[in-house]
Amino acid sequence: MRVFRGRAGSISTDRDVSRQLLSVAADGDPAVRVWVPHRQVAFGRRDARLDGYDRARAAADECGFPPIERDVGGRAVAYDGATTLAFARAEPVTDGRTGTTERYERATAALEQALQNLGLEPSHGEPDDSFCPGTHSLSVNTRADGRERKVVGIAQRVRSDAALVAGIVLVANRGDLAAVLGAVYDALDVALEPASVGSIAAAGGPSDPEPVRAAIEDALVGDATAVSIESL
């Protein structure tokens with residue numbers, strides 16, 4: 001297992017590092033990366049086909065979140081550049097038509113275990129009208145009002161030789177994230193309930209992303225031996 005740590009100097013070079021995980025996996029080694037990406041709104045390919053896409057990009061920019069289009073599917077997600085985490089696990093495949101469900105299940109179980117190790121009680125699924133809606137999401141109970149809010153979204157990209165399961169974890173700063181997502185989804189004319197946006201901190205977990213990052217990395221690596229460490 002190869003573990004990549006740190007963040008590259010720009011959004012584009014940082015994305016190049018994540019693409020390396022697929023190349024490593026295609027050569028036969030699984031790879032993991034958990035990090036804090038640069039501040040941005042990452043749009044999915046479905047978003048780019050909507051009439052409001054240009055307006056949504058402008059809305060993200062106006063909120064101080066540079067817009068980009070990501071390789072993995074799903075709808076728009078926002079990273080605050082300071083606390084929001086991204087994670088990715090790549091593994092070799094021999095048949096890209098099989099194993100999708102199993103990879104999702106392994107990643108979801110790893111994220112669930114990481115959150116439990118941080119003292120939280122995650123639940124499978126998400127509230128209605130959540131950001132980047134998907135089957136493989138995790139929510140947590142916000143202590144202030146007892147409401148379930150989404151904190152983890154997971155997507156997958158599959159090639160003939162490797163597969164990448166990746167996602168987002170909202171650690172803190174849910175107010176700013178909900179605000180930019182509200183503006184973006186409104187421009188896209190896609191349903192979003194800003195109150196469905198959660199954070200680990202609001203659920204009583206740490207607001208510092210480092211212990212969360214470490215817990216997720218440990219869970220994704222599991223019992224595998226780290227063959228080499230790539231520091232950025």
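All residue numbers in this chain count up from 1 along the given sequence.
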Between Pro66 and Ile11 the two heavy atoms that sit nearest each other are CB-CD1, 4.1 Å
- prompt: Hey, quick one: are Phe87 and Tyr79 part of the same hydrophobic cluster, counting side-chain heavy atoms closer than 4.5 Å, chains of contacts allowed?
  reply: no
pair Val190-Leu192: side-chain heavy atoms closer than 4.5 Å | no
Count I, L, V, M, F, W, Y as connected when their side-chain heavy atoms are under 4.5 Å apart, and connections chain through other members. Are Leu181 and Val169 then in the same cluster? no
task = Please check if the side chain of Ser139 supplies one atom and the backbone of Gly125 the other of a donor-acceptor pair under 3.5 Å.
result = yes
* Indicate yes or no for a side-chain donor-acceptor contact from Gln156 to the backbone of Thr100 under 3.5 Å, with no hydrogens or angles considered. => yes
* Asked: Can you check whether Glu193's main-chain N or O pairs, donor with acceptor, with Tyr185's side chain at less than 3.5 Å?
  -> no
All heavy atoms of Ala172 vs all of Asp80, minimum pair found to be O-OD2, 4.3 Å
Practice prompt. Assess whether salt bridge (charged side-chain N to carboxylate O under 4.0 Å, His left out) is satisfied between Asp47 and Arg75, documenting all intermediate values.
Written response: CA-CA 6 Å; Asp47 299 323; Arg75 295 221 177 264; 2.9 Å; yes
Margin query: Please check if the number of heavy atoms outside Arg159 that lie under 6.0 Å from its CZ is greater than 12.
Written below: yes
Check: Would Val151 end up clustered with Ile168 when hydrophobic side chains under 4.5 Å apart are linked, directly or stepwise?
Finding: no
Is there side-chain contact between Pro67 and Asp61, with heavy atoms separated by less than 4.5 Å?
yes
Check for me, please, whether Val77 and Val171 land in the same ILVMFWY cluster - side-chain distances under 4.5 Å, paths through other members count. no
Show your working on side-chain contact (heavy atoms from CB on, under 4.5 Å) between His124 and Glu112 and close with a plain yes or no.
CA-CA 9 Å; His124 289 254; Glu112 184 176 19; 3.0 Å; yes
Would Arg55 and Asp189 count as a salt bridge (charged side-chain N to carboxylate O under 4.0 Å, His left out) if you check the C-alpha gap in whole Å, the side-chain angles of each, and the deciding distance to 0.1 Å?
CA-CA 10 Å; Arg55 293 192 300 274; Asp189 197 22; over 6 Å; no
Check whether any side-chain heavy atom of Leu111 lies under 4.5 Å from a side-chain heavy atom of Leu220, and answer yes or no.
-> yes
*asked:* Using the rule given for side-chain contact (heavy atoms from CB on, under 4.5 Å), can you reason through Val32 versus Val34, listing the C-alpha separation, both sets of side-chain angles and the distance that settles it, and then say yes or no?
replied: CA-CA 7 Å; Val32 162; Val34 187; 4.2 Å; yes
Review point. Between Arg57 and Asp54, is there a salt bridge with N-O shorter than 4.0 Å?
Key: no
| task | Examine distances only and state if a side-chain atom of Arg174 and a backbone atom of Ile200 form a donor-acceptor pair shorter than 3.5 Å. | result | no
Minimal heavy-atom distance between Pro209 and Leu85, with the atoms involved, is O-CD1, 4.0 Å
Aromatic plane relationship, Tyr104 with His136 - under 30° parallel, 30 to 60° tilted, over 60° perpendicular:
parallel
_Taking CZ in Arg19 as the centre, count heavy atoms belonging to other residues, nucleotides or ligands within less than 6.0 Å. Is the count above 12?_
yes
| task | Report the C-alpha separation of Phe43 and Leu188 in whole Å, then their side-chain angles, then the decisive distance to 0.1 Å, and conclude whether the side-chain contact (heavy atoms from CB on, under 4.5 Å) test is met. | result | CA-CA 11 Å; Phe43 290 90; Leu188 291 171; 4.2 Å; yes
Fill in: Donor + acceptor pair across side chains of Ser130, Lys150 (<3.5 Å)
no
| task | Taking Thr142 for its side chain and Asp145 for its backbone only, find out whether a donor-acceptor pair lies under 3.5 Å. | result | no
| Just by distance, do the side chain of Glu210 and the backbone of Asp208 share a donor-acceptor pair under 3.5 Å? | no
In short, Val36 meets Arg7 closest at the heavy-atom pair O-CD, 2.8 Å
ask   = Can you check whether Gly134's main-chain N or O pairs, donor with acceptor, with Glu126's side chain at less than 3.5 Å?
value = yes
Val3 with Val165, same ILVMFWY side-chain cluster at under 4.5 Å = yes
We want to know whether Gln113 and Asn117 form a side-chain donor-acceptor pair, criterion being a heavy-atom distance below 3.5 angstrom.
yes
Minimal heavy-atom distance between Leu118 and Pro211, with the atoms involved, is CD2-O, 4.0 Å
Taking every heavy atom of Ala76 against every heavy atom of Val184, the minimum-distance pair comes out as CB-CG1, 4.0 Å
In this structure, CZ of Arg103 is separated from CD of Glu91 (nearest 0.5 Å) by 5.5 Å
Check: Between the side chains of Arg49 and Tyr53, is a donor N or O closer than 3.5 angstrom to an acceptor N or O?
Finding: no
Looking only at atom types and distance, does a side-chain atom of Arg213 sit under 3.5 Å from a main-chain N or O of Trp35, one as donor and one as acceptor?
no
- request: State, yes or no, whether a side-chain contact exists between Leu170 and Arg149 at a heavy-atom distance under 4.5 Å.
  value: no
